[in-house]
Amino acid sequence: MSSLLLFYELIRLALGTQDRLSKIPNSDEWQKIYDLATSQSIVGVCYAGLQKLSRDQQPERSLLLEWKGTAARIQKRNEEMDEYTSKGLRFFRENGFPCQILKGQGVAKLYGKLSVLRTSGDIDLWVAGGKEKLFQLSRSTTGKIKGWNNYHILFPGIYDGDVEAHIRPSRLYNPFKDKQFRKFCSQHIPQDGCADSPSLEFNRVYILLHCFNHFCGHGIGLRQIMDYYFVLKSSFEADPSQTYKQDTIVWIKKLGLLRFASAMMWLYQEVFGMDRQWQLCPPDEKEGKYLLREIMLTGNMGKYDSRYSWRKYTTPFKRFVFNQKKNIKLLSHYPEEVFWNPIYNIFRYFYTRIK
């Protein structure tokens, strides 16, 4: 059995969809599994699976200690990020902006006992109130407007990174589909006294779109894919009658995401061992295999993709040309993204220079 298949088994063991490994990995296989977990940013979650094994089935002491140390650092970072996220929510709310956590620490809460072992990312908040008011707040608190585009503004100083204050949660390159997404978001805008995190109804569409955007961008890892797994798991647990599925699928179709959703369902079934009752739509094996292959090639955020090196393209124009060449591989899978991507990015380039 290959290290890759054992890696998938360890994921299922961590998630509780498999009760044991079919084979105990040797030292070389354990190292490859750890490297795979690292590249996919799920070392902490995989450590939870490791803990279910008896000591004689676990890796040798040096790797086990390294794994344990990494998991401890992830847990400590999660504690810090929870505090920073709460600080960010207070900052905007005290300045009169209703807001909620987008993905990140908000979705982590759906992991249950595994939440402390989810590798944290940046802090993204959906901040209601409008772009101009956010510009005013940014000028009054930082003296400048930093890193803004047509859907978010960066706010430094809340923690050791920039908080992304989203005017709206995300975007689609296709303006007609994007208009539909804006309509969907209008039904879920944060209000005074709202919960810290958006509803499952919102996340069933938004987190899927977030995964899709990363997949069609620099790349996506199993960390983001796992987020949506827990959104679907939590949705079923909250409503076992599955009445939520019909409305969710309506919006997924309106946004042109059904093919991607079907690929995700296959991946969840084959890799995560997802209960079929949790699935939103029938799985697509062909698209699922393509999605999984790309995930394993690119790693988290595309950082491990040896086929491309987008960081060496130092000017906006060079990055633009590189991205168009890279996106050709998506043409037979998601042609609308390939067509509208250059149009959208040219528009965004000039739009953000008007202010």
| message | Hydrophobic cluster membership, with links at side-chain heavy-atom distances under 4.5 Å among I/L/V/M/F/W/Y: are Ile24 and Tyr47 in one? | response | no
| query | Counting heavy atoms not belonging to Arg20, are there more than 12 under 6.0 Å from its CZ? | reply | no
| Hey, is NZ on Lys32 packed in by over 12 heavy atoms from elsewhere, all under 6.0 Å? | no
| field | Shared hydrophobic cluster for Phe176 and Val250 (ILVMFWY, side-chain gaps under 4.5 Å) | value | no
| query | What is the distance from atom CE of Met264 to atom CD1 of Ile207, rounded to the nearest 0.5 Å? | reply | 9.5 Å
| query | Quick one: does Ser138's side chain have a donor or acceptor within less than 3.5 Å of a partner on Phe135's backbone? | reply | no
| message | If I take atom CD1 from residue Ile220 and atom OG from residue Ser41, how far apart are they, to the nearest 0.5 angstrom? | response | 11.5 Å
| said: Between Trp278 and Tyr268 (judged by ring centroids, cut-off 6.0 Å), do the two rings come close enough to count as a pair? | reply: no
| Phe230 backbone acceptor or donor facing Ser234 side chain under 3.5 Å | yes
| query | Atom CG of Asn203 and atom OG of Ser197: how far apart are they, to the nearest 0.5 Å? | reply | 7.5 Å
| query | Looking at side-chain heavy atoms only, is the closest gap between Tyr206 and Pro198 below 4.5 Å? | reply | no
| message | Determine whether Arg77 and Glu80 satisfy the following criterion, salt bridge (charged side-chain N to carboxylate O under 4.0 Å, His left out), listing intermediate values before the conclusion. | response | CA-CA 5 Å; Arg77 183 59 174 170; Glu80 294 173 346; 3.2 Å; yes
| query | Would you say the side-chain atoms of Ser262 pair up with the backbone N or O of Pro283, donor to acceptor, closer than 3.5 Å? | reply | no
| said: Quick check for you: to the nearest 0.5 Å, what is the distance between Glu66 atom CD and Gln31 atom CD? | reply: 6.5 Å
| request: Using modelled atom types only, decide if a donor and an acceptor are shared between the side chain of Asp178 and the backbone of Leu172 within a distance under 3.5 Å. | output: yes
| message | Going by ring-ring contact (aromatic ring centres under 6.0 Å, His included), name the residues that satisfy it together with Tyr228, two or more places apart in sequence or in a different chain. | response | none
| said: For Gln180 and Lys183: C-alpha separation, side-chain torsions, deciding distance, then whether side-chain hydrogen bond (donor to acceptor under 3.5 Å, both in side chains) applies. | reply: CA-CA 5 Å; Gln180 290 294 324; Lys183 182 178 179 181; 5.0 Å; no
| said: If you define the side chain from C-beta out and look only at heavy atoms, does anything of Phe260 sit under 4.5 Å from Leu209? | reply: no
| field | Of Lys286, Arg259, Glu287, the residue whose pairing with His333 passes side chain to side chain donor-acceptor pair (under 3.5 Å) | value | Glu287
| message | Looking at Glu83, I'd like to know if its CD atom is crowded, meaning that more than 12 non-hydrogen atoms belonging to other residues, nucleotides or ligands lie closer than 6.0 Å. | response | no
| message | Ring centres under 6.0 Å, that's the criterion: do Tyr244 and Phe236 meet it? | response | no
| said: Taking the side chain as everything from C-beta on, heavy atoms only, tell me whether Phe202 gets closer than 4.5 Å to Leu102. | reply: yes
| field | pair Gln100-Cys194: side-chain heavy atoms closer than 4.5 Å | value | yes
| query | Where do Lys103 and Asp227 land on the salt bridge (charged side-chain N to carboxylate O under 4.0 Å, His left out) test, with the steps shown first? | reply | CA-CA 8 Å; Lys103 50 189 178 8; Asp227 284 352; over 6 Å; no
| message | Side-chain heavy atoms nearer than 4.5 Å, only ILVMFWY residues, links allowed to pass through others: does that put Met226 and Leu297 together? | response | no
| Glu29 vs Leu6 side-chain heavy atoms within contact, under 4.5 Å | yes
| query | Should we count NZ of Lys133 as having more than 12 external heavy atoms under 6.0 Å? | reply | no
| Donor-acceptor contact present, side-chain Arg93 to main-chain Cys99, <3.5 Å | yes
| task | Would you check if Asn78 and Gln105 make a side-chain contact, meaning some heavy-atom pair closer than 4.5 Å? | result | yes
| Centres of the Phe181 and Trp251 rings: under 6.0 Å? | no
| query | At what distance, to the nearest 0.5 angstrom, does CG of Leu134 lie from CD1 of Ile167? | reply | 6.0 Å
| request: Start with the C-alpha distance between Arg12 and Thr17, add both sets of side-chain angles, then the distance that settles side-chain hydrogen bond (donor to acceptor under 3.5 Å, both in side chains), and finish with yes or no. | output: CA-CA 5 Å; Arg12 293 195 289 271; Thr17 58; 5.2 Å; no
| Parallel, tilted or perpendicular: which fits the ring planes of Tyr84 and Tyr159, with parallel below 30° and perpendicular above 60°? | tilted
| message | Under the criterion side-chain hydrogen bond (donor to acceptor under 3.5 Å, both in side chains), I'd like the reasoning laid out for Ser39 against Asn300: C-alpha separation, chi angles, the key distance, then a yes or no. | response | CA-CA 6 Å; Ser39 70; Asn300 187 56; over 6 Å; no
| Would you say Leu50 and Leu65 are hydrophobically clustered, going by side-chain heavy atoms of ILVMFWY under 4.5 Å? | no
| Above 12 or not: heavy atoms from other molecules or residues under 6.0 Å from CZ of Arg276? | no
| Lys/Arg cation over aromatic Tyr173: Arg171, 6.0 Å, 45° cone | yes
| Would a hydrophobic clustering, with Ile, Leu, Val, Met, Phe, Trp and Tyr connected at side-chain separations under 4.5 Å, put Leu89 with Leu154? | no
| said: Is the distance between the ring centroids of Phe155 and Phe92 under 6.0 Å? | reply: yes
| query | Ile123 versus Ile158: any side-chain heavy-atom pair under 4.5 Å? | reply | no
| message | Ring centroids only, cut at 6.0 angstrom: are Phe91 and Phe97 within range, meaning strictly under it? | response | no
| Roughly how far, to the nearest 0.5 Å, is the CG atom of Leu63 from the CD atom of Gln58? | 10.5 Å
| query | Is the count of non-hydrogen atoms from other residues, nucleotides or ligands lying under 6.0 Å from Gln246 atom CD greater than 12? | reply | no
| query | Does Met265 reach the side chain of Pro282, with side-chain heavy atoms less than 4.5 Å apart? | reply | no
| task | Would you please name every residue forming a side-chain contact (heavy atoms from CB on, under 4.5 Å) with Ser140, sequence neighbours left out? | result | Leu137
